[in-house]
Each structure stands twice: as structure tokens, then as C-alpha cells.
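Here's the structure we're looking at; comments come further down.
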Amino acid sequence: MTPVSRTDSARSWLMFGLGLCWLFVLLWPLLGIGADGVLSFAETFAVWGRIAAAALVCMVVWRLRRSGSLGFLDAPAGSLRDGMARVAAGVPRPVWLIALAALALSFPLYTERYAQDVAVLVLVYVCLGLGLNVVVGLCGLLDLGYIAFYGVGAYTYALLSIHYDLSFWLSLPIAACLAAVAGCIIGYPTLRMRGDYLAIVTLGFGEIVRILLNNWMSLTNGPNGLLGIKSPGIYLPSLADGFSFEHLYMRKLEYLYYVILVLAVFTVIAVRRLNFSRIGRAWEAIREDETAAEVMGVNTFLLKLLAYASGAAFGGLAGVFFAARMRFVSPESFSFMESVMVLAMVVLGGMGSIPGIILGALALIALPEAFRGFELYRMLAFGGAMTVMMLIRPAGLIPAKRMGKRGEEAE
Amino acid sequence: MGHLRLSDVCVRFGGLQALANVSLDLEPGEILALIGPNGAGKTTVFNVITGVYKVHSGSMVYGDTPMTGRRPHQILAAGIARTFQNIRLFTAMTALENVMVAQHCRSRSGVFSAVLRTRAQRAEEARIRAKALDALAFVGMAEMADSVARNLPYGLQRRLEIARALGSEPRTILLDEPAAGLNPAESRDLMDLIRRIAATGVNVLMVEHDMKVVMGISDRVAVLDHGVMIRQGRPDEVQRDPKVIEAYLGQ
């Protein structure tokens, strides 16, 4: 080992130690200060010890890799990876799609209610993430109030269902239109803003919608929420007395799973097609360089408004399903935290990348369910995961691919 | 067709007079070079023509249509395309996609036809792609169509900017320092390219500091100094004009 790399190693261990000390300082006020003002250290040390041990293992492995001591593992790992890639490339795309579809369709057959519940939630967030992706990932407009459109969709269906007994399927396009209108209303005053200012204004609008829902007692019943929303209904042909159609409400979770699966698949296809169309290219041009896009013939005003409207429409669709699934809506489902969650999925998964966002939704919804025991530290783990992501995969889990071949990517 | 006329254009930024009564005529099929010392207002002229800056007074007419006060995308749709002095490509997109964006104003399918992928929308996409490939082939970059713009070498990025401008099927093209940073061989290729563009009937207005390029290909030269048009004429006349020499070298 050369002296240079030795100082390098010493430096990284020093930083590692400092990092752990910093974590302790951060952790102790959370765990060590009791409600009655009693200070304790035992619990903090227990939690911190476990994190430190795990971090130490990661650090040792990383250092060994850096110094080349794990070089003997590289050859088998590389050949394994090559082999997997060859097998993956050998199977044609339709086979993958059919396998995926079969897995998704048969999911309720071999799972419990709990797993189905999580799957439904994941699919709702896939819809939301993809809708937000249009605004943030494609058009590059940071939107911190996206959940407002989810709320608009949910309340639209709730009110239509309760007061006018309108069916779920008819409410879908109505709610999508209303959410798109809301998107335009929120988008219009922000068209001249960029970056930080845009984020603050959209955050404000998101809160306005929530507070409106909370206080407009006569329409939304305020914080008590709205009860008595109908489930999606379908007409089934029945041969009981002659040929007639029987109306059936889909209350069972596996039916609802199929409904949201259809919605999610629709959203995936729609967003993908938009992405690789004239409109999607114009959005990406705006994200890359707004002035150049305008000079190259893109009506940036109109297209930014269109991005807000289409993103909001997808959020509205997801909202209708949410209201039908819960059969109850209240303003607290549309808090700022939800906006942050959806945005985190888009950023974590890879902005503008559809498979990335699906994976992001899976990671942020399913993983916390799997690790229910760690619920207390969810936000801590969240922050940690984001930091690690920024370091090792700054463009997201699955970065967006260009339409053609990719050249040598500059990392 | 393609006759661009600026008359008595004034632009002010606060108290600073950037352009004072600038008049300029660009005839169809002509190559006009706009020269002048740094800060003379050459790029400002470009920004006025493309609608990025608003004029304080004066007017701009293209063909028979008044263009004063139009927005940049409307001006591109009318047939005036430009490149930028410091390259402004859509860096994360491929070369082909960059040029395809320029076809935006020449196509019309919207959100719904894109989601439904109608027959008309697919036909239009195929047409946009073919036109963009043509523009790339014209500048000799057909085989780079699928590379991401950010990864192209500098000279090719400059060339891609020209392809993107051509991709909008313009009748007038404005080139802002197209030879900046190019080596002598690349400059010669560029001059050849500009001649080929003019030969297709597109008129070219360019800002350029490289006198070899300016004198080599322009039909006329216009000289700007401190926002004032001090001379327009054939290259050899302008070169000998004492006022021009003074503007460049001082008294």
C-alpha cells in the first residue's frame, strides 16, 4: 500500500467516526429526553450501537474493496452479472410483459388481505408518482402541492356519489377534468416563476386546498369528512330470469385491486406515450433550457400549463379510486407529508423514468410495511436512504433512458 | 419571401441605450455578416429579431407581415430560426430529439391524440422524425442521431445547433458566432456549410469575429458600434472604411 492511500484510508475512518458521533448527537434528543424531563442514555446507546455496528460492516467491506482485498470476488460476480444480462437479453420483451402481467393478475389468488391492501396502496402511489412525474420529471417544474389534485379527485367523486349517486366510472373523467382545471388555476400564476419560488408557491396552493376542505363545512363536512361513498359498480350479465344485467358493487378488496391495476396500467401507458410524443419532447426541452425551447418554437406558457393540467388529471383519477376504496374522505389524507412522499418517490426512482417511479413507489410504501418494527425511525431511515442515493445514484434507482441508444454516459 | 427589414429600432435597458435607430435589410438568399467590437449590440439585434427583447421604438417586418412584439415561438413559426453564442442545446436529449423539438411549431397533434396514439399522430411523428434526420444529414451528423447532446464534442455541438435551427424549416437563419472556438479545418467546413444553406434559398444573418470567415462568405457586411449602425456594404468596401477601422482600433 502506498503512503497516499494510507492517509486516504485514515481520512475516511476519521470521517466515519465523526459521522457516527454526529448521529449520536442527533439521536439523543429524540430518544434520551423523556416527557418528564428525565435524561437517559441507555436507549440511545442501544439504538446507536446497532446502527454503528451495521455501518461498521458496510465501511469495512467498502474499505476492503477500495484496497483490492476483495478482488478475488470480482471475477465470479462479473461473470454472474454478464450471464444474467445475457439471459435477460435473450428473452424477448413480450415474454417479460406477459410474465409481469400474469404475476400482477394472479396476485390476489395467492395472497392474504394484508398483502393486497399494500399492493393497492402501492398502485395508487404509482398513479400519483407518474402524474407528478409529468410535472417534475418531464417539464422540470418543482411541485410541492401535488396532493391537492388527489384531494380534488377524491372529493369530486365523494360529493357526486353521495348527492347525485353518480357511478364510479362516470366520475373518473369528470374528476380528471376538474383536477386538470384546478391544475391550470394553480399553474397559471406560477408560470413566470422558476426554482425555489415555484416550490414555495405550489406548497402554498397545496395547503390552501387542504384548508379549504377543512373549513368549508357546508360542502365538505370539514374535518369530520364525508361518509357513504359507493364502491365501484359493474353490470354482470345474469340468466336468472331471462337475460338481464345485474348491478354489483365491488366491495371486495381483490376486485378493487383489479380496478386500480387497470388505472395504473392506463397511467403507465398514457405517460409513456406522452413522453415520446411531440408534447413530451417540448416538455423535456422546457426542462433543459426554457429560453432555448421558446426560441425553438415551443409555446412555453401553454405547454407548462398543459403539464400542470395533465399531471393533475392523473392525480385526480387516483383520488377517485382512493375515495371509492376508503368509502370515506377527510382533509387529513391530503396533508403536505403526502406531497413529500410522492415527490420522494419520483426523485428516488429517477425523474422521468417510468420503471424507476414504479420501483420508487414500491420501495417507499412496501418497505416500511415490511419493517413495521422500525416505524419510529422511518423518517431517519428516509433521510439516510436519500443521502446514500444522492451519493451513489444521483439520477435515481433507474435513470430515464433516452429514446435511442445511449452514448457514453458522463457520470 | 424571407425579406427581413428592421427600421429605426431602439432598445433601452434602463438608462443604457443598447441600440439606437438601427435599420437593417436582409434580402432573400443573401449572407449578411454583422460585425463590431465587443458590446456593440450585435447579440441584442438577434434578441430583438427573435422576440427575446422588446423594442422601445421602431419596427420589424418579415415579408409582408409586421413582427414587432411577437413572442419567440411565433417568430420561429414565421420562419426565422437562430443559434446561440454560448451553446444552448437540450443537453440530456439525443441529437435527433433536439432537432425534433424544432418541428414542434410545424406539427399539431395534442395530448389526447398522443395518449390514444391515433393514426394521424403516428404519421405526424414519422414525418417529424424524417425531417429531423434530413436536417442532421444536411450538416453531416446523421450517424450521431442517437448520441446524447451533452456527450458530443464541442465542434459537433455547434453543428447540432445549426441542425436544430434548420430542423424548423426556416427561410431565414441567424447564426451567433458560429465559428467561435472552432479550429481552422472546422471553420472551413463551417463556411462550406453556410454556403450550402444559402444555396437552398435561406438567407443567413451572422454575427462573427473571425474575419477570415466574414470576408470569405458574406455578400454584405454591416458594422455596429455602441448600438449605432456605422456602415453597411460589400466586404472589401467595409474593410477600407476609416470609420470601421477607427471603431476597431481606436483613434
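In the text below, chain A, chain B and the rest are named by the order of the sequence lines, each starting its count at 1.
- Annotation: the span from A:Met296 atom CE to B:His73 atom NE2 amounts to 13.5 Å, rounded to 0.5 Å.
- B:Arg71 has its side chain within reach of A:Glu294: a pair of non-hydrogen atoms, C-beta onward, lies under 4.5 Å apart.
- Between B:Val115 and A:Leu274, the closest side-chain pair of non-hydrogen atoms falls below 4.5 Å.
- Neither the backbone nor the side chain of B:Ala77 comes within contact range of chain A, judged by heavy atoms closer than 4.5 Å.
- For a residue to count as touching a neighbouring chain, one of its non-hydrogen atoms must lie under 4.5 Å from one of that chain's; by this rule A:Ile269 does not touch chain B.
- Counting heavy atoms of neighbouring residues, nucleotides and ligands inside a 6.0 Å radius, atom CZ of A:Arg272 does not exceed 12 of them.
- Atoms CG and CD1, from A:Asp289 and B:Ile87 in turn, are 12.0 Å apart once rounded to the nearest 0.5 Å.
- Environment of CG in B:Asn183: crowded, with over 12 heavy atoms of neighbouring residues, nucleotides or ligands closer than 6.0 Å.
- Contact of B:Ile75 with chain A is not made at all, since no heavy-atom distance falls under 4.5 Å.
- Both the backbone and the side chain of B:Arg164 come within less than 4.5 Å of a heavy atom in chain A.
- Looking at B:Glu125 and A:Arg281, a side-chain N of the basic residue comes within less than 4.0 Å of a carboxylate O on the acidic one, giving a salt bridge.
- Within the 4.5 angstrom heavy-atom criterion, only side-chain atoms of A:Leu303, from C-beta onward, approach chain B.
- In this structure, B:Arg108 places its CZ atom where only 12 or fewer heavy-atom neighbours from other residues, nucleotides or ligands lie under 6.0 Å away.
- Remark: of the listed residues B:Gln121, B:Arg117, B:Arg122, B:Gln121 is the sole one forming a side-chain contact (heavy atoms from CB on, under 4.5 Å) with A:Ser277.
- The main-chain N or O of B:Ser109 is found under 3.5 Å from a side-chain atom of A:Arg278 such that the two form a donor-acceptor pair.
- Going from atom CZ of B:Arg150 over to atom CD of A:Glu288 covers 7.0 Å, rounded to the nearest 0.5 Å.
- Atom OG of residue B:Ser107 and atom CD1 of residue A:Ile279 lie 8.0 Å apart, to the nearest 0.5 angstrom.
- Rounding to the nearest 0.5 Å gives a distance of 10.0 Å between CZ of B:Arg88 and CD of A:Glu290.
- Proximity to chain A is limited to the side chain of B:Glu124, based on heavy atoms less than 4.5 angstrom apart.
- The neighbour count for A:Trp96 CH2, taken as heavy atoms of other residues, nucleotides or ligands under 6.0 Å away, does not exceed 12.
- Neither the backbone nor the side chain of A:Ala309 has a heavy atom closer than 4.5 Å to any heavy atom of chain B.
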